[in-house]
Each structure stands twice: as structure tokens, then as C-alpha cells.
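Both ligands and their constituent atoms are indexed starting at 1 by order of listing. Here the structure is a predicted model, which is why all the values come from computation and not from measurement.
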Amino acid sequence: MRIVLLGAPGSGKGTQAKLIIEKLNIPHISTGDLLRGAIAAKTELGLAAKEVMDKGDLVSDEIVLGMLKERLSEDDAQHGFILDGFPRNVEQAQMLETLLQELEITLDHALLIEVDPDEVVARIAKRAEIEGRTDDTEEVVRNRLNVYKEQTAPVADFYKKQDIVTEILGKGSIEDVQQRIQAVLRF
Ligand code: AMP
């Protein structure tokens with residue numbers, strides 16, 4: 001199964017993805033995690049990305065697509081995957097479309113986790129305490145939410161045209177949201 005997870009920062013995409021992969025034997029591919037890995041490894045690409053990420057802006061499409069392509073070519077991604085944090089804008093959605101066509105595969109689901117903005121800010125504040133991410137400060141979070149509204153939200157419309165979007169109510173406990181996802185994915 002090939003799934004794209006959409007939703008604002010703090011909507012619970014990463015948490016839900018980790019639970020989905022426990023059930024379906026597919027990798028969770030998070031471009032944010034790939035970028036944080038490059039930063040931790042102190043690669044040139046990681047250093048360039050860190051500056052952009054610390055402001056809450058988007059890293060260039062070319063850099064992210066390059067990392068994604070590499071990751072998708074690994075063995076464990078050949079029978080499906082769950083993408084978290086990609087595509088982040090309509091250009092990336094188009095790039096992914098081209099890549100999937102080259103690979104002769106299609107997406108099965110785009111799940112859009114819906115949460116209200118106040119809830120998102122509260123969740124990110126909590127995550128900041130637990131994970132200590134340098135892009136979880138209040139000012140940066142505000143920018144990330146703006147970037148989401150302006151650049152990422154239109155990605156849902158892109159997939160609505162393909163008729164693969166399901167909106168998932170992000171309210172309630174982690175288990176509540178997971179059950180809604182499982183009902184859609186039927187596992
Ligand atoms: P995330 O872990 O998905 O919240 O991503 C953290 C940060 O990594 C974002 O605020 C961006 O700066 C960067 N990032 C992650 N995924 C992408 C992407 N697909 N395109 C551009 N930047 C990204």
C-alpha cells in the first residue's frame with residue numbers, strides 16, 4: 001500500500017505513521033527525519049538545510065526530492081510506503097507524480113489529518129519539551145503554520161482531483177485517530 005499523510009505541523013502525522021507501519025509491513029518515510037539525519041551526520045546538505053529548517057521555511061524541492069528518490073529505491077520500499085512530510089507544496093506533488101509514473105506505480109491513499117490550529121500549537125509546545133526540536137519555538141511554529149496554509153494545504157486539492165483523499169478527524173486520543181485511519185485502510 002502506498003500512502004501519503006497530509007496535515008499541519010503537529011497534527012500527529014509522525015505518531016500515526018509509526019502506528020500504521022506496525023500493522024502494515026511498509027516503511028515510514030519522513031522527509032523531516034531524513035533531513036534531521038543529514039544534520040546529525042553533519043553532511044554539507046544537512047548544514048545547508050538546518051538554516052532553512054530553523055526558520056520554519058521549506059528546504060529546496062531539489063534537495064528533498066533527491067533524498068526521497070534515494071530512499072524510495074531501497075529494498076524495503078518496493079512493496080509500499082507511507083510518506084510523511086512530503087509533498088509539501090504542489091510542485092513537489094507534481095515531482096512525485098512524475099517519479100511514480102517512471103516507477104510505474106500509483107498512490108492508494110492520501111490521508112488528511114484535520115486538527116484545529118489552537119490544538120496544533122498546544123501539541124507542538126508539548127513536543128518541544130519532549131524532543132527539544134530547534135524548530136519548535138513559538139515564532140518558528142507560527143511561520144511553519146503559515147507555510148502550511150499557503151504552500152502545503154493546496155496539496156490536498158491536488159489529490160482530491162485524483163479522488164484519493166480521505167479526511168481524518170484528528171481530535172481525541174492517539175488511539176481514536178488511529179482507529180479512524182484503520183477503518184479507511186481496512187486493516
Ligand atoms: P517535519 O519533520 O515534517 O515537520 O519537517 C521539519 C522541517 O523540515 C520543515 O519545517 C522543513 O523545513 C523541512 N522539510 C521537511 N519535509 C520537507 C519537504 N518535503 N520539503 C521542504 N522542506 C521540508
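Within 4.0 Å of ligand 1, protein heavy atoms come from T31, G32, L35, R36, M53, D57, L58, V59, V64, G85, F86, R88, Q92, R133, D135, R144.
A salt bridge between R144 and D136 is present, with a side-chain N of the basic residue lying under 4.0 Å from a carboxylate O of the acidic one. Ion pairing of K69 with E74 is absent here, as no side-chain N (NZ or NE/NH1/NH2) approaches a carboxylate O to less than 4.0 Å.
Atom CD of E102 has more than 12 neighbouring heavy atoms from other residues, nucleotides or ligands inside a 6.0 Å radius.
Using modelled atom types, one finds a donor on one side chain and an acceptor on the other under 3.5 Å when comparing E97 with Q162. Inspection of the Q178 and Q182 side chains reveals an N or O donor paired with an N or O acceptor under 3.5 Å.
Screening residues 45-59 for side chain to side chain donor-acceptor pair (under 3.5 Å), with sequence neighbours left out, gives K50-D54, D54-T134, D57-N143.
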